[in-house]
Trainee: 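This is the structure I want to talk about, given as C-alpha cells.
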Protein chains: 2
Amino acid sequence: MIRNVRSYGHFCMTARALERVGDRWSLLVIRDLLSGPKRFTDLVARLGGITPKTLTQRLRELDEADLVTADRQPGRREVWYRLTPAGADLGPVIDALNQWGLQHAWRLPQPGEPLHAEHLLRTAVAAIDRAADDHEPAAWHLILDGGDYLVRSDGHRWMLTAEEPSMPADVTVTGTAAALRALIFGQSDRDLAIAGDAEPLQRFQALIGTMATLVPMAELPASRTTVE
Amino acid sequence: MIRNVRSYGHFCMTARALERVGDRWSLLVIRDLLSGPKRFTDLVARLGGITPKTLTQRLRELDEADLVTADRQPGRREVWYRLTPAGADLGPVIDALNQWGLQHAWRLPQPGEPLHAEHLLRTAVAAIDRAADDHEPAAWHLILDGGDYLVRSDGHRWMLTAEEPSMPADVTVTGTAAALRALIFGQSDRDLAIAGDAEPLQRFQALIGTMATLVPMAELPASRTTVE
DNA sequence: CTGGATCCATGATGATACTG
DNA sequence: CAGTATCATCATGGATCCAG
C-alpha cells in the first residue's frame, strides 16, 4: 500500500503537523475519536459522505503516524479505533477550529442537512463554553438515536464524551437528534424525555439553547446561493 | 473559474472551518500572513515548493472566503496580500498546530532541507514560549537574508512579526538564516552580528537555543554529518 | 523583474457496487 | 461489520510561457 509521503519540506512545525493531519477527512476522524473509541461503522455514520475506501485509507495513515490504534480482538468481528496519546493531544487543534467555526462559519442547521447527535452536542457544548458564564460542575446524560453521550463541566470547562456515565447524572435526556435540535432552536420538544431534579433541569434548559443565540453573520435573509 | 465548494455537509463547526481552510497549503498561507502583509513572491519564497498556479488558486479562495484581501494600488506593481480580521482569528489554530508539531513532529533541520528565516524564528519563538520560564518583556530585531523580523514578549507571550520595529530593540541581529541556525544548534556564529547591551544580549543567547534542547524522538543517532 | 496563466501528467478523492 | 473493487472526476505538481 502506497503511503502518503507528501511532505512540504519546510523546517516548520505547523507544516510538519499538517503533513500528518492535513489531508481531507483526517482531522474529522480525530474529532470523532476524541469522544472515545469507535468502530468503523460508527465513524462512517458520523463522517457522513466519506467513502469506506477513504476512511480505510485515513485510518491506515493515522495508524502509521501513531495517532490512532486499532483494537482487534481474536474472536470478535468488530475493530475499535482509538486515539493514541499523540492523537489525543490534537484536542486543542480541534477546539481551536471549532471555536473559529463558531465565530466565523456559523449557520443554522439547514432543512435537508444531515445532523448527527454527536456533532450537534459538540457545537452546543462549544457555544456554552464560550458564551455562557456558568461553568459550575454538572453532568448531563443524553441518549440520542440510541447512543450515549455525557456532557459535563468540571468547574472550568464544558466537555463532551460519547459514553455511559459512571456516576449518576444531574439530568438525563432521551430522544432523537432531531428532537434535540428542535428543543435547542425553540421548537417542539414533545419527543424528548428530560429527567432530573428541578434546579439542574432548569439550568439545562437555560444553557442548552446558547448556540441558538449566536447569529453573527447575516442570518435569515433567505439562503446564500452558491454559484460556481 | 470553478470554485471549491466541496462541503462536508455536516452540522459541525470544525467541519465548517475545514471547508474554508482545510485544503492543502491554505493554512500555510495563513501562517505566513499572520506575521504581516506579503507579496506574491514573498509567499512563494516561504511556501517553498508551492506552484504559482496553486498559490494563485488558494489566494483567490481565501479572498472569496473573506480571510484574505489583496491590496492593489493603481500605479504600483506589487500586490500586497493581508489577512482580514476573520483570517487573523485563525492565529490560535496555527498556534495549536505549531505546538503539537513541536511536541510530536520535532526533528532537527536536515542538511538539504530548505530553511526560511521566518520559519526558523517561528519555531524558536514557539519553543521559548513553551519551554522557557522567562516571559519578561523583550524586543529583538533580526535582519535575516535581508528581511526584518521582530521577536518580542509582552510579559505573557512571545510573538513573531515580520516588520521593522517602531521602537528601538534590546538586541539587533544581522545575518543569514543559515548562520542563525548554526547559532541555535551550537555551531559557529561568525557570520552573525549581534548587538545590544550586555544583559539583554546574554538573555538572547540563553533563550535562542531553547529549541535545540527539545529532543523527544530518537535523535542524533550519529551518522548524519553532511553539511553544505 | 513581479504576478501570474497554460499545458500536461499524476495522484487523490468520490460514486457505486460487491464480499469475507 | 469491516472493509474491496472498479471507474470516473477532481486536485495538485512540474515545467514552461507571457504581459506590464
Side-chain angles (χ1 to χ4, degrees), chain A residues 1-10 15 18-29 32-33 37-63 68-82 114 146-147 228, chain B residues 1-10 15 18-29 32-33 37-63 68-82 114 146:
Chain A
M1 187 156 314
I2 298 169
R3 200 121 53 75
N4 208 5
V5 207
R6 279 198 303 177
S7 163
Y8 288 109
H10 301 171
L18 288 172
E19 285 168 7
R20 298 215 196 171
V21 296
D23 281 339
R24 189 164 163 79
W25 295 109
S26 289
L27 278 172
L28 298 184
V29 173
D32 287 335
L33 290 176
K38 302 275 184 307
R39 292 170 300 179
F40 191 88
T41 44
D42 297 331
L43 290 170
V44 169
R46 283 162 178 77
L47 297 164
I50 198 172
T51 65
K53 173 181 179 175
T54 302
L55 180 55
T56 299
Q57 190 179 333
R58 287 295 170 276
L59 287 169
R60 298 267 195 283
E61 291 165 4
L62 292 171
D63 193 331
V68 166
T69 59
D71 279 352
R72 301 166 196 272
Q73 302 277 347
R76 177 157 55 72
R77 288 175 61 90
E78 310 107 74
V79 181
W80 288 83
Y81 293 95
R82 59 182 173 79
E228 64 287 325
Chain B
M1 187 170 312
I2 296 170
R3 202 121 52 73
N4 208 4
V5 208
R6 279 198 303 176
S7 164
Y8 288 108
H10 301 171
L18 288 172
E19 286 168 5
R20 298 215 196 171
V21 297
D23 281 339
R24 188 164 162 79
W25 296 108
S26 289
L27 278 172
L28 298 183
V29 173
D32 287 334
L33 289 176
K38 302 275 185 308
R39 292 171 300 179
F40 190 88
T41 43
D42 296 331
L43 291 171
V44 169
R46 283 162 178 76
L47 298 164
I50 198 172
T51 65
K53 174 180 179 174
T54 302
L55 180 55
T56 300
Q57 189 179 333
R58 287 295 170 277
L59 288 169
R60 297 268 193 281
E61 290 165 4
L62 293 171
D63 194 330
V68 165
T69 59
D71 279 350
R72 301 166 195 273
Q73 302 277 346
R76 177 157 55 72
R77 296 166 60 93
E78 311 106 72
V79 182
W80 287 83
Y81 295 95
R82 58 181 175 79

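Numbers restart at 1 for each chain; the letters A, B, ... are given by sequence-line order, proteins then strands.
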Trainee: Please find the pair of heavy atoms, one from Glu61(A) and one from Asp23(A), that lie closest to each other, and give the distance.
Mentor: OE1-OD2, 3.7 Å

Trainee: Take the protein atom CZ of Arg58(B) and the nucleotide atom P of dG13(D), then report the distance between them rounded to whole Å.
Mentor: 8 Å

Trainee: Rounded to whole Å, how long is the line connecting atom CD of Gln73(A) with atom C1' of dC1(D)?
Mentor: 16 Å

Trainee: Does the side chain of Arg76(A) get closer than 4.0 angstrom to OP1 or OP2 of dC1(D) through an N or O atom?
Mentor: no

Trainee: Minimum heavy-atom separation for Ser7(B) to Arg24(A), with atom names?
Mentor: O-NH2, 4.1 Å

Trainee: What is the separation between atom CZ on Arg24(B) and atom P on dG11(C), rounded to the nearest whole Å?
Mentor: 13 Å

Trainee: Would you say a side-chain N or O of Thr54(B) is under 4.0 Å from OP1 or OP2 of dA11(D)?
Mentor: no

Trainee: Report yes if a side-chain nitrogen or oxygen of Trp25(B) is closer than 4.0 Å to either non-bridging phosphate oxygen (OP1 or OP2) of dA11(D); otherwise report no.
Mentor: no

Trainee: Round to a whole Å and report the spacing from CG of Asp23(B) to C1' of dC10(D).
Mentor: 11 Å

Trainee: Tabulate below the donor-acceptor pairs under 3.5 Å that side-chain atoms of residues 70-79 of chain A make, not counting sequence neighbours, or state none.
Mentor:
residue: Asp71(A); atom: OD2; partner: Arg82(A); partner atom: NE; Å: 3.1
residue: Arg76(A); atom: NH1; partner: Glu78(A); partner atom: O; Å: 2.8

Trainee: At how many degrees, to 10°, do the end axes of the helix from dC1(C)-dG20(D) to dG20(C)-dC1(D) meet when each uses five pairs?
Mentor: 40°

Trainee: Rounded to the nearest angstrom, tell me the gap between atom CD in Gln57(B) and atom P in dA11(D).
Mentor: 7 Å

Trainee: How many Å lie between CD on Glu61(B) and P on dC10(D), as a whole number?
Mentor: 15 Å

Trainee: Knowing that exactly one of Ile50(B), Asp42(B), Val44(B) qualifies, which makes a side-chain contact (heavy atoms from CB on, under 4.5 Å) with Arg46(B)?
Mentor: Asp42(B)

Trainee: In whole angstroms, how far is the C1' atom of dG14(D) from the NZ atom of Lys53(B)?
Mentor: 11 Å

Trainee: Without decimals, in angstroms, what is the distance between Leu47(B) CG and dG13(D) C1'?
Mentor: 15 Å

Trainee: What pairs of nitrogen or oxygen atoms, one from the protein and one from nucleotides 2-4 of chain C, lie under 3.5 Å apart?
Mentor:
residue: dG3(C); atom: OP1; partner: Val79(B); partner atom: N; Å: 2.9
residue: dG3(C); atom: OP2; partner: Thr41(B); partner atom: N; Å: 3.4
residue: dG3(C); atom: OP2; partner: Thr41(B); partner atom: OG1; Å: 3.2
residue: dG4(C); atom: OP2; partner: Tyr81(B); partner atom: OH; Å: 2.5

Trainee: Do Val21(A) and Val29(A) have side chains that approach each other closer than 4.5 Å (heavy atoms only, starting at C-beta)?
Mentor: no

Trainee: Determine, stepwise, if the pair Phe40(B) / Leu59(B) fulfils side-chain contact (heavy atoms from CB on, under 4.5 Å).
Mentor: CA-CA 9 Å; Phe40(B) 190 88; Leu59(B) 288 169; 3.9 Å; yes

